[in-house]
Amino acid sequence: MEHIRTPKVENVRLVDRISSKKAALGTLYLTATHVIFVENAPDTRKETWILHSQISTIEKQATTATGCPLLIRCKNFQLLQLIIPQERDCHDVYISLIRLARPVKYEELYCFSFNPKLDKEEREQGWMLIDLSEEYKRMGLPDDYWQLSDVNRDYRVCDSYPTELYVPKSATAHIIVGSSKFRSRRRFPALSYYYKDNHASICRSSQPLSGFSARCLEDEQMLQAIRKANPGSDFIYVVDTRPKLNAMANRAAGKGYENEDNYSNIKFQFIGIENIHVMRNSLQKMLEVCELKSPSMSDFLWGLENSGWLRHIKAIMDAGIFIAKAVSEEAASVLVHCSDGWDRTAQVCSVASLLLDPHYRTLKGFMVLIEKDWISFGHKFNHRYGNLDGDPKEISPIIDQFIECVWQLMEQFPCAFEFNERFLIHIQHHIYSCQFGNFLCNSQKERQELKIQERTYSLWAHLWKNRADYMNPLFRADHSQTQGILRLPTTPCNFMYKFWSGMYNRFEKGLQPRQSVTDYLMAVKEETQQLEEELEALEERLEKIQKVQLNRTKVKSKQSEPSKHSGFSTSDNSTANTPQDYSGNMQSFLSRSPSQGDEDSALILTQDNLKSSDPDLSANSDQESGVEDLSCRSPSGGECVPSEDSGKDRDSDEAVFLTA
Amino acid sequence: MEFAELIRTPRVDNVVLHRPFYPAVEGTLCLTGHHLILSSRQDNTEELWLLHSNIDAIDKRFVGPLGTIIIKCKDFRIIQLDIPGMEECLNIASSIEALSTLDSITLMYPFFYRPMFEVIEDGWHSFLPEQEFELYSCSCDEWRLSYVNKEFAVCPSYPPIVIVPKSIDDEALRKVATFRHGGRFPVLSYYHKKNGMVIMRSGQPLTGTNGRRCKEDEKLINATLRAGKRGYIIDTRSLTVAQQARAKGGGFEQEAHYPQWRRIHKSIERYHILQESLIKLVEACNDQTHNMDRWLSKLEASNWLTHIKEILTTACLAAQCIDREGASILIHGTEGTDSTLQVTSLAQIILEPRSRTIRGFEALIEREWLQAGHPFQQRCAQSAYCNSKQKWESPVFLLFLDCVWQILRQFPCSFEFNENFLIMLFEHAYASQFGTFLGNNESERCKLKLQQKTMSLWSWVNRPSELRKFTSPLFEANNLVIWPSVAPQSLHLWEGIFLRWNRSSKYLDEAYEEMVNIIEYNKELQAKVNILRRQLAELETEDGMQESP
C-alpha cells in the first residue's frame, strides 16, 4: 500500500477508443491489487477493473485543455485511455502504477492475497486435478523401452527440469549426466510425448555444446538410446527449430547443433522459428495495427503483413505438423531443440502433441498439455510474461503464440476440440493475471521453494469448476473429427491463417460478431438437456396415470411451456448493436432525433454474455482482498450492464458522430 | 444455327479429369450444345456436367500425342482434362471456345432447358410489383404506383411499374426523366415503416457545365420530405468524379437548387477497377507457391476488401440517416444501376428484417437488381479468368453478395438463409439453366419473352426440397436493425466463394451438419414433450371428470 500515492481521483474520464461513444465520467481508485474505474452514471455505475499484473505499459501524454491523458496498455490486450483533470493527480497515479505494475517480490503478486473462499482441503484437491504421473501412465509408460528416471532427484542434474522424467531404458545415469554436460543449461534429451501405437516418441532438449568440433560420447549414446527405444525405425529426426543462421552463430559461442557425421542414424532438420526478440517486436507491431483509430483496409492488411505475426504462427504450426507427420506416418522418433529448449521447443512439442493425440484436445487434456510441456519443463513464465520486474528483453509472447496456434486449428477443425475460444482467452488472461499460482516462477524448483501449492490456488480447478462455460457445443466424443490425428493439407495454405480479433481486439466488443453461434448452440444444448429430463419425467408420470387410472390424485402440472430459448435472447451489452461512426469525420448530421432503436439490442448475442467465470469479472469477485476502501457498490454477480439501461445508453453512443 | 456445326468431335474416350481434392477420373467426354459431360464407366463415380456458359477461359497444352485442356470457370473452379489425340483435343477446345461464347441470348441454355421437377409456384409471378407495393407501403398514402413507363419509353432500364410520390403526376415524371441519366428519374426504393422515411434512387442529374436545373425534379424529390424536414443525397462518387461528370453532361444536385438536401459524397469504385480487383484476388487465392507475407500483400493489393468496406460503410451511412437521423435519402452515382443498387439493397438488409428472410431476399433481388435494371448480361458476361477486358464487365453483384455474407457472419442468427444460398445466387448470375438473370433490364426480358420461354430461378429455389438446403438452422426471427462493424478486423475474405476450390471444406461441412443436428434434436424433443404434456393434461381432465360426478 505504501506505493499508492493517491487512492482515489474524481472526475476522471474513460475514453472509448473504438466506438463513437462519449467518454464516461467517473472515479478512479487505486488499490493494492487493482485499478478500478467506476462510472458516475447513477443507473449503471459500470466498473472497469484492471489487475496491476495485467498492466504492460503506462504512458503519460501531453496535458491538454481537458486534462492529462494516461494510456494504460494491458497484457491481455485491453487498452485504457483515461483523462485526469489535474496534472498532479495524473502524475501521482502514473508514479504509483509504475511501481505497482512492477512488483519486485513474488509475495507482492495477487495470488498470495487472492482468496476464493475455499478451505484447505479444496485447495489441495484443486492442485491434484492435473497429475502428470497419471498422464505418463495414459501414454502407456513405463513400458519395455521407457522408464521413469530419478537422475534429476532434488534437481541435481538440471535445475530447470522436473524431477520426474522419462528416458530410454538403455540410457544409464552415466549417459544422462554425460549428455547433460554437453547440453545448454544441462537440459538433456527427455521424453515429451510417447505415441504408443508405433513406439515413436517426441523428445526434447537444449542445443548441444558442439561448437565447431566438440563431441560427447554420452550424448551420442543418448540419441542412440532414443532411437533404439523405437524398434520400428532405424533413424531419428533431430529437429532444430531455429533458423540455420542463428544455430550457426551459436557455434562460435561453443554451442550449436548436432553434426550428422558424429551421430549415427540421425536426420537433421532446421525449421526456422525466430527467437524471442523477433517475436516480441512482431507482436508489438501487430498491436500497433490493432490500436489504429479507424484504419483503412490497406493500413490494416499492410500492417498485419509487416508485423510478420502470421508468418511466425505458420512457422510454429509447420514445425508441429512436420513432427506429427514424422511420428505418425514415418513412425520415427524426433528429438526437438532450439537454444535452451524452453521456448520454441515447448511450442513445437505441444503443437505436435495436440495434432497427434485427441486427449490433448479435451478440456482436461489441454490443461495436462500445458502442465507438461510448459510448466514442468521449465518454460520461464516469470521472465517471459514479466510477472516480476525484470529485464524487458526477456519478455516475449511465446505461450500466446501457442494458444493462437490452437485457435487457428479450432477454426480449421470446428468439431475437434472439446473446449471453445473462451477457454483459450481465459487461460491467456490468467497467465498474466498472477491470480493463480500455476504460472509463477521460472521452474518447478522455484515453485517448490516458494511453496506455491500451499499458498495459492490452482487455475485448473477454477476452470474445471466453470467448465460448462468452456465447452464447444460442436464437440462430440464419438464424432469422426475428434478421433486420431488432425491432418492438415500439405500445400502451403497461407490463407488458412487468420488474424485473431477475438483475442487481440477482445475488448473492442464492437468489432466482434454480434451474435455468437457458440453461445447460441450452448443455450440450445442446455435446453435440450432440460427437455430430455422433462421428457423422462413426463413419460414416467404418464405411465403411472395410465396404470392407475382410478387413482384420483391429481398430479398438478408444474412445468410451464419452455420459453423459446429465453435464456439467451436477453440484451446484454449496450454497445452490442449500435452504429459505428460510418460518416468519417464529415459534419453531415445536424439534427438528431431521439433514439428510436430501443429494441435493437434485444436478442443480440455476444461473446461477453458475462459468464460468471469471465476473468474480467472473476477478478472482481473477490473484493474482500484489499479493496475495503472502495465505497462504491461491488460488481454484482455477472450482470454488469442491466439490459434496461441499454436503451437509454444508446443516445450517448451516437453523440460523437453528431458533434464531430 | 445448329450446334452440331460447332461440335466436330462430340465424344472422346479415355479422357482423364483432374480436380483438386478428388482422385483423377477416367471416362468418356461428350459435348452437347450446352454441356460438357464426363462420365466414367464405373457406376459409382459421379459425372461431371459443366455448362458451357460457365466456362470463362481455356488453356491448351500438348505433350506428344496427349493434349491437356485446362478449363477455368466463372465460379473460379479450375479443372483439367487430359485428352488422347491431338486432333480430338484441338476439336474439343475449339468447340468449347465457340459454345461458351455464343453471342445470341436466345441460343443460351435457359431457352432449351426443360425442368425435371414439378413447378409448384411459378417464380415469374412470385414477386409482382403491385404486391410488393402493398407489402411495403400499404400504410402510407403519400405514394402511388405509376405506369408511365409501361412501354419502356420514358426509361428503357426501368420496369413498367414504379413507385413515386403521389403528388407528382406522370407528365412531371416524363420531364424529370429528361433531366436524369438514362431517364432514371427518382423512384421509391424503400419505405421505413418505423418512421415513414424513404430511400429513393435515380441516375445523376444532367446539370452539365452550365448548371442546368429542372423544377419538376426539385419538386419531385422535395415531395418526399415531411414538413420542415431535411433529407440527404448520397452520391456514390467522390466529389471530384462528380464534378468531372459535368463535362460529359452529368453532374450533381447544387445546394442552391436543393436547399432542403445535404449532399454526401462517398467513393465506390466501378467497372473495370472492380473487375481487376476480382482478377487479382482470385489469382492470389489460386497461387499456392508464395509465402505468408506475399499472400497478405497480394490480398491487400487486390483491394477487394477495401471495396467491400467502402460499399458497406456507405450502406450503413444510408441506413443511419433513415433510422437514426429520421431523414429520407436519395441515392445515385452516375447511371444508378450499380453502386446505387449495392447501397440501396444493403441498407435494406440492415434496416428491414423481411429482407433477411429467404423470400424477402428474393424479393429484394427481384426489385432492387432485376427490375431496377442492373445490367446482369453485361456485368456477368465474364469472370476472373477472362483476358478480353470489356469495360462493362464488373463483379458488382458479387460484391453485393459478399457484403451480405459479411453481415451474415456478424449476425448469424438474424438471417433465414445460409451461405449456400448466396453462393447459389452467384453461380446463377453467371451461368444458369434459368432465365432469371438473362438480359440487362425488364425491357430486354420482355422482348426475349423470358417468362414464356424460360423457367424462373425462383420456381426451382422455392420448392421445399431446395429450400431445405438454403435455410439456416440458427435463424430466430427478430425485428432489429442490425448495425454491422465495418472495421478491417471485422471484414473477412469470403472463403466459401474464393477458397471454395482451393481447400477441402470437409471439416467445416461436418461442423455445419453437427449444428443442424443439435438444433433438429432440440426441436424434436420439444415436439415430443408438447405431445406428452397434452396427453397428460387430457388424462388428468378425464380423471377430473370421473371424479366430479
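Residue numbers start from 1 in every chain, and the chains themselves are labelled A, B, ... in the order their sequence lines are given, proteins ahead of strands. Keep in mind that the numbers below use all heavy atoms, side chains included, and drop hydrogens, waters and symmetry copies.
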Most contacts with chain A, counted as non-hydrogen pairs under 4.5 angstrom, among Cys316(B), Ser297(B), Ala487(B): Cys316(B)
Counting distance only, does the side-chain N/O of Lys298(B) pair as donor-acceptor with the main-chain N or O of Ala284(B) below 3.5 Å? no
Between Phe499(A) and Tyr504(A), what is the ring plane arrangement, given parallel below 30°, perpendicular above 60°, and tilted in between? tilted
Decide whether Asn522(B) and Thr528(A) meet the rule of one side-chain donor and one side-chain acceptor closer than 3.5 Å. yes
Please identify each residue that fulfils ring-ring contact (aromatic ring centres under 6.0 Å, His included) with Trp501(B), with sequence neighbours left out. none
Report which part of Glu310(B) has an atom under 4.5 Å of a heavy atom belonging to chain A: side chain, backbone, both, or neither. neither
Most contact-rich option vs chain A, by heavy-atom pairs under 4.5 angstrom, among Leu532(B), Leu296(B), Asp293(B), Thr313(B), is Asp293(B)
Shorter than 4.5 Å, heavy atoms on both sides: which option in Glu524(B), Met515(B), Lys506(B), Lys528(B) has the most such pairs with chain A? Met515(B)
Which of the residues Leu521(A), Asn306(A), Ile313(A) is involved in the greatest number of heavy-atom pairs with chain B at under 4.5 angstrom? Leu521(A)
Heavy-atom nearest pair, Ser414(B) first then Gln515(A), reads OG-NE2, 2.8 Å
With a 4.5 angstrom heavy-atom cut-off, is it the side chain or the backbone of Ser298(A) that approaches chain B, or both, or neither? both
Sort Arg409(B) into side chain, backbone, both or neither according to what part of it lies under 4.5 angstrom from a heavy atom of chain A. both
Stepwise, does the side-chain contact (heavy atoms from CB on, under 4.5 Å) test hold for Lys266(B) with Ile311(B)? CA-CA 9 Å; Lys266(B) 299 298 273 181; Ile311(B) 296 165; over 6 Å; no
Please determine, among Met496(A), Gln529(A), His479(A), Lys498(A), the option with the most heavy-atom pairs under 4.5 Å with chain B. His479(A)
For Leu491(B), which atoms come within 4.5 Å of any heavy atom of chain A: side chain, backbone, both, or neither? both
Interchain contact, Leu474(B) with chain A, by part (heavy-atom threshold 4.5 Å): both
For Glu411(A), which atoms come within 4.5 Å of any heavy atom of chain B: side chain, backbone, both, or neither? backbone
Side chain / backbone / both / neither for Asn502(B) at chain A, heavy atoms under 4.5 Å: both
Go through it in stages, so that I can follow the logic: the residues are Val404(B) and Phe415(B), the test is side-chain contact (heavy atoms from CB on, under 4.5 Å), and I'd like the CA-CA distance, side-chain angles, deciding distance and then a yes or no. CA-CA 10 Å; Val404(B) 176; Phe415(B) 286 81; 4.3 Å; yes
Can you see whether Asn530(B) engages Gln526(B) through a side-chain donor-acceptor pair at a distance of less than 3.5 angstrom? no
Which bit of Gln412(A) comes within less than 4.5 Å of chain B, counting heavy atoms only: side chain, backbone, both or neither? backbone
Taking atom types as modelled and ignoring hydrogens, do the side chains of Thr518(A) and Asn472(A) form a donor-acceptor contact shorter than 3.5 angstrom? no
